[in-house]
Trainee: 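Shown below is the structure under consideration.
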Amino acid sequence: MADSHDAQLDVAAQIRTDIIKGKLEPGAKLREVALAERYEVSRIPIREALRTLEADGLVESRKFSGSVVAPSPAEDAEDLFEIRIVLESATAKRAARRAAELSAGGDHDAKWSEIRAEINEILEAGDAVIAEERFEDLAMLNMRFHFAVAELSGSLSFISLLRQISGKIEWLYSLNLMRRGPQAWPEHREIIAAIDAGQVDRAAEAMARHVRRSRDSYFATMSERP
């Protein structure tokens with residue numbers, strides 16, 4: 001068993017995946033002892049992982065029943081999409097403005113270059129996942145892309161706000177994965193192209209349109225379910 005920071009991050013990722021994929025259902029009790037056995041770690045990384053997932057909105061801590069899986073984000077889907085349209089169009093706009101400033105000044109920003117290279121890797125990984133029809137891996141890659149755009153913006157406030165709803169965003173995305181995932185992925189390249197070009201309004205609109213399409217696709221899928 002490992003009690004390192006890496007172990008905590010790893011088990012948080014595993015619990016997160018099991019919640020999003022429905023292996024741990026909404027309302028399910030998350031007992032530390034049982035989870036430690038399930039994921040083969042001690043209770044310390046489990047405890048820290050649950051705190052992380054609570055911050056992400058995937059876990060709730062209740063006074064008399066301890067930690068439980070949070071309710072499905074489907075109940076708040078409309079509000080979450082509206083928040084995303086405003087927040088993420090602002091991040092794309094800010095990122096494009098930074099790109100324009102860096103280009104105009106001829107400056108080299110090592111952090112920017114690092115994040116931008118990571119985005120290329122994320123986009124290529126998504127292309128490979130779609131080609132191999134491993135669509136279940138798109139939810140995590142999608143969230144990584146949107147976080148990376150927020151990091152390009154350089155705004156700690158935007159990054160913090162996105163982190164607060166990231167778990168629910170990924171959860172909603174997974175509920176409409178087969179329909180929206182392959183359609184949505186190429187739209188990411190349009191967003192990043194506008195950012196690279198420093199086209200502030202185009203970047204903001206491309207991101208807003210991307211989220212609106214995800215919203216419309218999600219509700220269309222939900223309306224078709226029995």
Side-chain angles (χ1 to χ4, degrees), residues 9 12-13 16-17 20-21 56-58 73 77 80-81 83-99 102 109 111-200 202-218:
L9 292 175
R16 182 189 187 99
T17 297
I20 288 170
K21 290 186 176 181
D56 289 347
L58 294 179
L80 284 166
F81 279 115
I83 291 169
R84 284 192 65 199
I85 290 169
V86 175
L87 173 60
E88 296 204 59
S89 62
T91 66
K93 185 174 184 176
R94 176 78 171 266
R97 183 177 292 118
R98 283 193 70 212
L102 289 171
D109 186 313
K111 183 63 176 176
W112 172 281
S113 298
E114 179 184 340
I115 298 167
R116 190 59 191 82
E118 180 187 355
I119 288 175
N120 284 342
E121 293 174 1
I122 293 168
L123 292 173
E124 290 172 4
D127 291 343
V129 161
I130 291 171
E132 297 167 10
E133 298 187 352
R134 294 186 288 110
F135 300 123
E136 68 278 3
D137 293 334
L138 276 180
M140 178 269 292
L141 289 169
N142 179 70
M143 199 63 249
R144 283 183 60 195
F145 173 83
H146 286 272
F147 256 127
V149 170
E151 289 175 347
L152 284 182
S153 78
S155 169
L156 295 179
S157 295
F158 288 162
I159 294 169
S160 177
L161 288 168
L162 185 59
R163 181 171 289 115
Q164 290 177 41
I165 59 172
S166 63
K168 292 186 177 181
I169 291 173
E170 190 173 343
W171 200 345
L172 278 179
Y173 188 88
S174 70
L175 296 174
N176 190 33
L177 194 56
M178 297 300 293
R179 180 174 189 157
R180 177 61 179 156
Q183 297 173 352
W185 198 255
E187 296 170 12
H188 291 154
R189 293 188 183 277
E190 179 186 0
I191 294 165
I192 200 62
I195 291 172
D196 285 344
Q199 296 176 334
V200 174
R202 179 186 162 205
E205 179 50 37
M207 180 65 86
R209 183 167 56 247
H210 173 68
V211 179
R212 285 195 296 267
R213 286 173 175 168
S214 293
R215 175 197 62 194
D216 295 346
S217 178
Y218 170 82

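Because only heavy atoms are used, hydrogens play no part in the values below, and waters and symmetry mates are left out as well, while side chains stay in.
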Trainee: Which pairs count as salt bridge (charged side-chain N to carboxylate O under 4.0 Å, His left out) when at least one residue sits in residues 134-156, sequence neighbours excluded?
Mentor: E118-R144, E132-R134, R134-D137
Trainee: Is there side-chain contact between H188 and L123, with heavy atoms separated by less than 4.5 Å?
Mentor: yes
Trainee: Any side-chain heavy-atom pair from H210 and M207 closer than 4.5 angstrom?
Mentor: yes
Trainee: To check you understand the geometry: which heavy-atom pair defines the closest contact between I20 and S174, and what is its length?
Mentor: CG2-OG, 3.2 Å
Trainee: Taking all non-hydrogen atoms of both residues into account, name the closest pair between A203 and A96 and its distance.
Mentor: CB-CB, 3.8 Å
Trainee: Got a sec, which residues hit side-chain hydrogen bond (donor to acceptor under 3.5 Å, both in side chains) with S113, two or more places apart in sequence or on another chain?
Mentor: none
Trainee: With a 4.5 Å cut-off on side-chain heavy atoms, are I192 and L152 touching?
Mentor: yes
Trainee: Which value, rounded to the nearest 0.5 Å, describes the distance between I85 atom CD1 and L80 atom CG?
Mentor: 11.0 Å
Trainee: Suppose we screen for ring-ring contact (aromatic ring centres under 6.0 Å, His included). Which residues come up paired with Y218, at least two apart in sequence or across chains?
Mentor: F81
Trainee: Can you name the side-chain hydrogen bond (donor to acceptor under 3.5 Å, both in side chains) partners of R98, sequence neighbours left out?
Mentor: D109
Trainee: The criterion is side-chain contact (heavy atoms from CB on, under 4.5 Å); which residues satisfy it with S155, sequence neighbours excluded?
Mentor: R94, S153, S157, F158
Trainee: Can you list the residues that meet the ring-ring contact (aromatic ring centres under 6.0 Å, His included) rule with Y173, with sequence neighbours excluded?
Mentor: none
Trainee: How many angstroms lie between atom NZ of K21 and atom CH2 of W171, to the nearest 0.5 angstrom?
Mentor: 14.5 Å
Trainee: Once rounded to the nearest 0.5 Å, what's the spacing between atom CG of L138 and atom CE of M143?
Mentor: 13.5 Å
Trainee: Rounded at 0.5 Å granularity, tell me how far CZ in R212 sits from OG in S214.
Mentor: 11.0 Å
Trainee: Using the test side-chain contact (heavy atoms from CB on, under 4.5 Å), find all partners of E121 that sit at least two apart in sequence or belong to another chain.
Mentor: none
Trainee: Among residues two or more places apart or on two chains, list those pairs meeting salt bridge (charged side-chain N to carboxylate O under 4.0 Å, His left out) that have a residue in residues 157-177.
Mentor: R16-E170
Trainee: Give the minimum heavy-atom separation between A148 and I122, together with the two atoms involved.
Mentor: CB-CD1, 4.5 Å
Trainee: Taking all non-hydrogen atoms of both residues into account, name the closest pair between A204 and S89 and its distance.
Mentor: O-CB, 3.4 Å
Trainee: For W112, enumerate each residue passing the ring-ring contact (aromatic ring centres under 6.0 Å, His included) test, keeping only those at least two apart in sequence or located in another chain.
Mentor: none
Trainee: Shortest non-hydrogen contact from S217 to N176?
Mentor: OG-ND2, 2.9 Å
Trainee: Over all heavy atoms of both residues, which pair between V149 and A95 is shortest? Give the atoms and the distance, please.
Mentor: O-CB, 4.1 Å
Trainee: Strictly by salt bridge (charged side-chain N to carboxylate O under 4.0 Å, His left out), give each pair with a member in residues 187-199 just once, sequence neighbours left out.
Mentor: R116-D196, D127-R189, R180-E187, E187-R213, E190-R209
Trainee: Does the side chain of I169 come within less than 4.5 Å of H146's, by heavy atoms?
Mentor: no
Trainee: Using side-chain heavy atoms (C-beta onward) and a distance below 4.5 Å, is T91 in contact with L162?
Mentor: no
